[in-house]
There are 2 protein chains.
Amino acid sequence: MGVFAAQGDPRRTMALLWRVPTDEPVRPGPRQSLTVNAIVDAAIAIADTAGMAGLSMRAVGERLGRTAMALYTYVADKSELLDLMYDHVHGELVADAQPNWRDGVTAWAEELFEFYLRHPWAAQVSMARPVLGPHELNLVERLLRALEPAGLRGPVVRGVVSGLTYFVQGAAAFMNDARHAARETGQSDEDWWYARSAELTTVAPDFADRYPLLTRLESDKEFDESLPYMENEARQSFTTGLRTMLDGVAAQVKAA
Amino acid sequence: MGVFAAQGDPRRTMALLWRVPTDEPVRPGPRQSLTVNAIVDAAIAIADTAGMAGLSMRAVGERLGRTAMALYTYVADKSELLDLMYDHVHGELVADAQPNWRDGVTAWAEELFEFYLRHPWAAQVSMARPVLGPHELNLVERLLRALEPAGLRGPVVRGVVSGLTYFVQGAAAFMNDARHAARETGQSDEDWWYARSAELTTVAPDFADRYPLLTRLESDKEFDESLPYMENEARQSFTTGLRTMLDGVAAQVKAA
DNA sequence: GACTATCTCCTTATGGCGTAAAGTGACCGG
DNA sequence: CCGGTCACTTTACGCCATAAGGAGATAGTC
């Protein structure tokens, strides 16, 4: 399951997301020494390098020279912070429509894929309760703009949008997981695979008989030796998978 | 990022996964009062109802009338337990090839989708370090068997396999997240959406101008009133998304 | 039948998490 | 200068996985 955002009081969170000026009356008491922005930036920096698992209120506070509890004057809770982080990074995405829908959608997908590699944690935020911030909405709007020239009907568009999103997110998550596992365990994809496959042959000597197609598929791989095993796999799958999906869209275009 | 399995000592885990009899010599000390199977079953029951977040060693132990630490004589750690759970539930999957590749692949995808709805936690296990148990491998082998009549080349097959997997997993995860959020917060999709969209219009009064395509797409939905909002969305997206992907595969078939 | 090695399972402890509750001191309007 | 209000801290609670060590059961050996 994805990590959840969009859980708290919608009024508060929405005002922060859309930067609605909430001109509070001047009050007694000490001035604030932080800003929501600084907190969001710090949290993003931590999540980018340490992953979602490394993102804790304590860590964010420490990076800013404060305690975890100090953050709660700026942000309702961790999930609201995540909302803000999520929408903020989506501001990086800018790819827009092309005359040819296929070029536009390809650019959209590739940009999003690279984005998820830069911000692995963003690929883990659930889409079931979208954040509804300006930048997240922009991402969808731009995909719709790219698809526009294809002239698909509403239900098909929805299927294509979610299909593409799942695909890009899944492919990026695969790659991120592979990298994370390699880093975390200190075991490269190759080392891991070597140890496991050796064990496989002793534990299932009839492997080639039980899984003939898997065996064959595994044997005719072409490797780019300069990349880790799984990166290679993920990149190639992304490219050919995306091409196949776009062929499917093209078929729907002709059908319309 | 996915939750990781396949992290520990491959020899131990593989032996358990493939049920290799490890006839240990008779030893002194008290007899074991549990079995690995009982632990795996208990853990699956917990994860099915309480989700990955509710799956804790304490909870599994408690369900069996033991402490958390008692489990460690049967299982190396939580990730090994997850390996065993993951492969065990995959034994439920049986759909196999059809004369027509399209029927076979459709059946495969639909069965897997329903499977992930039964076992939401299974959709969160990372594929970057596959468990390599017999049932998980069977799942892939059966998809390859279903695709066989299409006669695609290796690299294309790999793209299609991962594309389909990401798609099914993403669609199911979306649905699971929506259900989980509704249950967890006590707020139905409709309530949630109502509160958020009301806030959206006050915070972004120019919404329809900034996001014209999104606005239009949202307005021409057809609802099945008997289903929750997101379920409806997810089911429809799954159906039309799958059709589009298969059209893409069909295009590759013709190209070959 | 007693002894000892070895195993299962328990209790306890460590260091993490989000965040509730309560305390400390700074700042403002009057 | 005082009283109210706020920013931020400390402490505490109940979770988590699991390391460490202790209690008691069971087997083989004498």
Side-chain angles (χ1 to χ4, degrees), chain A residues 1 3-5 7-9 12-13 22-39 42-43 46-47 50-85 121 124 184-185, chain B residues 1 3-5 7-9 12 22-36 38-39 42-43 46-47 50-85 121 124 184-185:
Chain A
M1 154 167 14
V3 176
F4 278 101
Q7 299 282 54
D9 173 21
R12 249 204 75 122
T13 307
T22 58
D23 41 15
E24 311 240 338
V26 183
R27 296 192 176 286
R31 304 279 77 182
Q32 295 192 330
S33 67
L34 292 176
T35 63
V36 174
N37 259 338
I39 292 173
I46 289 171
M52 191 70 97
L55 177 70
S56 72
M57 300 300 274
R58 283 168 168 86
V60 177
E62 192 168 1
R63 170 176 266 258
L64 296 165
R66 298 294 127 85
T67 64
M69 293 309 293
L71 308 178
Y72 285 87
T73 35
Y74 299 88
V75 131
D77 57 15
K78 194 183 178 182
S79 97
E80 185 175 272
L81 174 56
L82 195 60
D83 283 1
L84 300 174
M85 294 166 61
W121 54 273
Q124 296 170 58
E184 197 77 358
T185 63
Chain B
M1 155 165 14
V3 175
F4 279 99
Q7 299 281 54
D9 172 22
R12 248 204 75 122
T22 57
D23 43 14
E24 313 240 339
V26 182
R27 297 193 176 287
R31 306 278 78 183
Q32 297 192 330
S33 65
L34 293 176
T35 63
V36 173
I39 293 172
I46 290 171
M52 192 70 97
L55 177 70
S56 71
M57 300 299 273
R58 282 166 166 85
V60 177
E62 193 167 2
R63 172 176 265 258
L64 296 165
R66 296 295 126 86
T67 65
M69 292 311 290
L71 307 178
Y72 286 86
T73 37
Y74 300 87
V75 134
D77 57 15
K78 195 182 176 181
S79 96
E80 185 174 273
L81 175 56
L82 195 59
D83 283 0
L84 300 174
M85 294 166 61
W121 54 273
Q124 295 169 59
E184 197 77 358
T185 64

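A, B, ... follow the sequence lines: proteins, then strands. Residue 1 opens every chain. All values below were derived from every heavy atom in this structure, side-chain atoms included, with hydrogens, water molecules and symmetry-related copies excluded.
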Considering only distance and modelled atom types, tabulate donor-acceptor pairs under 3.5 Å from the side chains of residues 61-72 of chain A, sequence neighbours left out.
{"from": "A:Arg66", "atom 1": "NH1", "to": "A:Ser33", "atom 2": "OG", "distance (Å)": "2.5"}
{"from": "A:Thr67", "atom 1": "OG1", "to": "A:Ala70", "atom 2": "N", "distance (Å)": "3.4"}

Legend entry - Integer-rounded Å distance: C:dT19 C1' and A:Met57 CE: 9 Å
Inset, instruction - Could you tell me the separation between the CD1 atom of A:Ile39 and the C1' atom of D:dA7, rounded to a whole number of Å? - result: 12 Å
Inset, instruction - Check whether the side chain of A:Arg58 and the base of C:dG18 form a donor-acceptor pair under 3.5 Å. - result: yes
Inset, instruction - Return the 5'-most residue of the pair B:Gly54, A:Ser33 with respect to DNA chain D, ranking by each residue's nearest nucleotide. - result: A:Ser33
Inset, instruction - Rounded to the nearest angstrom, tell me the gap between atom CD in B:Gln32 and atom P in D:dA25. - result: 17 Å
Legend entry - Rounded distance (Å) that lies between atom C1' of C:dT8 and atom CG of B:Leu71: 12 Å
Inset, instruction - Classify the nucleic acid contact of A:Ala70 as base, sugar-phosphate or nothing, counting any heavy atom under 4.0 Å across all strands shown. - result: base
Legend entry - Student check: side-chain heavy atoms of A:Leu55 and A:Leu82 closer than 4.5 Å: yes
Legend entry - Atom-pair distance (CE on A:Met52; C1' on C:dG18), nearest Å: 15 Å
Inset, instruction - Report yes if a side-chain nitrogen or oxygen of A:Thr73 is closer than 4.0 Å to either non-bridging phosphate oxygen (OP1 or OP2) of D:dC8; otherwise report no. - result: yes
Inset, instruction - State, to the nearest 10°, the angle formed by the axis through the first five base pairs of the helix from C:dG1-D:dC30 to C:dG30-D:dC1 and the axis through its last five. - result: 20°
Could you list the protein-to-nucleotides 21-30 of chain C atom pairs, N/O on both sides, closer than 3.5 Å?
{"from": "C:dC27", "atom 1": "O2", "to": "A:Gly29", "atom 2": "N", "distance (Å)": "3.0"}

Inset, instruction - Would you indicate what B:Leu81 reaches in the nucleic acid, counting non-hydrogen atoms under 4.0 angstrom: base, sugar-phosphate, or nothing? - result: nothing
Legend entry - Distance test, side-chain N/O of A:Tyr74 to OP1/OP2 of D:dC8, below 4.0 Å: yes
Inset, instruction - Any chance you could measure B:Met57, atom CE, to B:Ile46, atom CD1, to the nearest 0.5 Å? - result: 10.5 Å
Inset, instruction - Side chain of A:Asp77 only, please: which of C:dT19, C:dC10, D:dT18 is the nearest? - result: C:dT19
Inset, instruction - To the nearest Å, give me how far apart CD (A:Glu62) and P (C:dG16) are. - result: 10 Å
Inset, instruction - In whole angstrom, give the distance that lies between atom CD1 of B:Ile46 and atom P of D:dC16. - result: 11 Å
Legend entry - Spacing between A:Lys78 atom NZ and C:dA20 atom P, to the nearest angstrom: 14 Å
